[in-house]
Amino acid sequence: MSERQQHDHGDAHRHRPGHRHHGASPLHRLGHVLTPHSHETADKLDSALESSARGMRALWVSLAVLGATALAQAVVVVVSGSVALLGDTVHNAADALTAVPLGVAFVLGRRAATRRFTYGYGRAEDLAGLAIVLTIAASAAFAGWTAFDRLLDPRPVRHLPVVAVAALVGFAGNEWVARYRIRVGRAIGSAALVADGLHARADGFTSLAVLLGAGGAALGWRYADPVVGLAITAAIVLVLRDAAREVFRRVMDAVDPALVDRAERALTRVPGVRGVGELRLRWIGHRLRAEVAVVVDGGATVREAHRIAVDAEHALLHAVPRLTAALVHADPEPVPGTADPHLALAHHTAR
């Protein structure tokens, strides 16, 4: 077996003591010279910290932008009485506040693994994703209840031009934040941050709906504002569905099947690997881990099998984006007429 916890492309070509490219072709070695990289634990920790720092920066910037947007809209809500704008404002404020649990998760994710939390604290990010989903659900419930109440008891909307301007401000602020969060979330592999970005994008479209409501009210339709408020609620529910699906998949250890295919292709190209057995990938926060069994020559020595496992791990770390650790188990190629060495484990795995 071989498990090295860290691997990263850095600015210098450094190796741990004992790390060698056994059995690699001259072309493969030349590629390593021309493409500097490092296997140092410190380098991978630096990369992880950099990812968390990028996430934190995205959170603080979006919190400031959305906070200012919600504050400006709240002032207009007070003077206009628009329930549609109220729903949009509440949604914007809730979106801004989701930065708090996600920020806490990024900070926790930086902590080193312990004997109790042997995989580290990256799962805090998934818990933050659940908090974001609950926040979206709460904002949908509030917006829907307010709009329905106003539909039963319509009231005139005042200062319609100001409401229209506030709606445009809400759209601009949310769309900018959405693009920023989604871009950074995908770059660092954070499903929670991507979900938060989708949340902001929906807020932007609901702001445009407020603009439509203001237009309807200006034309004299007294139900325009609450009807738009209900439409905003429906839009929030759609975002809730997408965000919940994204976070649920992450909590359930789902990965993109294309990543599994990519990992398998990389393993089959490793000299000495005669087959790929069980392959598992899982996200821990915004980082990936892998566990895989590879089939090697049954007559190989322990050192040869270990070398193949190391090469297989190395290939995975290069092939799979954001993979930070891989556990590779070498299985001997089966010989006809001999017993499967894993039979002793059958009564455990069948449970």
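Quick note: residue numbers are just sequence positions, from 1.
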### Query
Is the OH atom of Tyr121 crowded by more than 12 outside heavy atoms at less than 6.0 Å?
yes
### Task
Given side chain to side chain contact (heavy atoms under 4.5 Å, CB included), test Trp283 with Val255 step by step and report yes or no.
CA-CA 7 Å; Trp283 287 98; Val255 297; 3.7 Å; yes
#### Entry: Where Ala124 and Ala105 come nearest, the two heavy atoms and their spacing
O-CB, 3.4 Å
### Summary
In terms of heavy-atom contacts, Thr118 and Ala113 come closest through O-CB, 3.5 Å
### Message
I'd like to check Asp331 versus Val296 (side-chain heavy atoms, cut-off strictly below 4.5 Å). Are they in contact?
### Response
no
### Query
Can you tell me if Glu125 uses its side chain to pair, donor with acceptor, with the backbone of Gly122 under 3.5 Å?
no
### Task
Measure across Pro334 and Val295 and return the closest heavy-atom pair with its distance rounded to 0.1 Å.
CD-CG1, 4.5 Å
### Task
Search all heavy atoms of Asp242 against all heavy atoms of Arg245 and return the closest pair with its distance.
OD1-NH2, 3.0 Å
## Note on the structure
Taken to the nearest 0.5 Å, the spacing of Met252 CE from Arg249 CZ works out to 12.0 Å
### Query
Is Val328 linked to Ile284 within one hydrophobic cluster, defined over Ile, Leu, Val, Met, Phe, Trp and Tyr using a side-chain heavy-atom separation of less than 4.5 Å?
no
#### Entry: Electrostatic pair Glu264-Arg262, nearest N-O below 4.0 angstrom
no
### Query
So do the side chains of Val194 and Arg186 get within less than 4.5 Å of each other, counting heavy atoms only?
yes
### Message
According to a hydrophobic-cluster definition based on side-chain heavy atoms being under 4.5 Å apart (Ile, Leu, Val, Met, Phe, Trp, Tyr only), do Val251 and Leu134 belong together?
### Response
no
### Query
From Arg303 CZ over to Ile308 CD1, what is the distance, rounded to the nearest 0.5 angstrom?
14.5 Å
### Query
Taking the side chain as C-beta and beyond, is there a heavy-atom pair between Val292 and Leu267 under 4.5 Å?
yes
#### Entry: Minimum heavy-atom distance between Arg181 and Leu193, given as atom pair plus value
O-CG, 3.7 Å
### Co-membership, hydrophobic cluster, residues Val104 and Ile132, 4.5 Å side-chain
no
### Heavy-atom pair with the smallest gap, counting every atom of Ala166 and Val76
CB-CG2, 3.9 Å
### Spacing of Asp311 atom CG and Arg269 atom CZ [to the nearest 0.5 Å]
14.0 Å
### Task
To the nearest 0.5 angstrom, please state how far the OG1 atom of Thr69 sits from the CZ atom of Phe171.
12.5 Å
### Approximate separation, where rounding is to 0.5 Å, of Asp297 CG and Glu304 CD
8.0 Å
### Query
Is any NZ, NE, NH1 or NH2 atom of the basic residue among Asp256 and Arg250 found under 4.0 Å from an Asp or Glu carboxylate oxygen of the other?
no
### Query
Can Asp261 and Arg265 be counted as an ion pair, charged N to O under 4.0 angstrom?
no
### Query
Going from OH on Tyr119 to OG1 on Thr114, what distance comes out if it is rounded to the nearest 0.5 angstrom?
13.5 Å
## Note on the structure
Sorted by chain and number, sequence neighbours left out, salt bridge (charged side-chain N to carboxylate O under 4.0 Å, His left out) with Arg179 holds for Glu175
### Query
Any side-chain heavy atom of Glu333 within less than 4.5 Å of one from Arg274?
yes
### Task
Look at the side chain of Arg289 and the backbone N and O of Ala326, then say whether any donor-acceptor pair between them is shorter than 3.5 Å.
no
### Query
Does any non-hydrogen side-chain atom of Leu259 lie less than 4.5 Å from one of Leu288?
yes
### Query
Would Arg57 count as a cation-pi partner of Tyr180, with NZ or CZ less than 6.0 Å from the six-membered ring centre and within 45° of the ring normal?
no
### Query
With a 4.5 Å limit on heavy-atom distance, are the side chains of Asp126 and Val247 in contact?
no
### Query
Do the side chains of Leu130 and Val237 join up, straight or via other hydrophobic residues, at under 4.5 Å, putting them in one cluster?
no
### Query
Mind checking whether Val169 and Leu63 sit in one hydrophobic cluster, side chains of I, L, V, M, F, W, Y counted as touching below 4.5 Å?
no
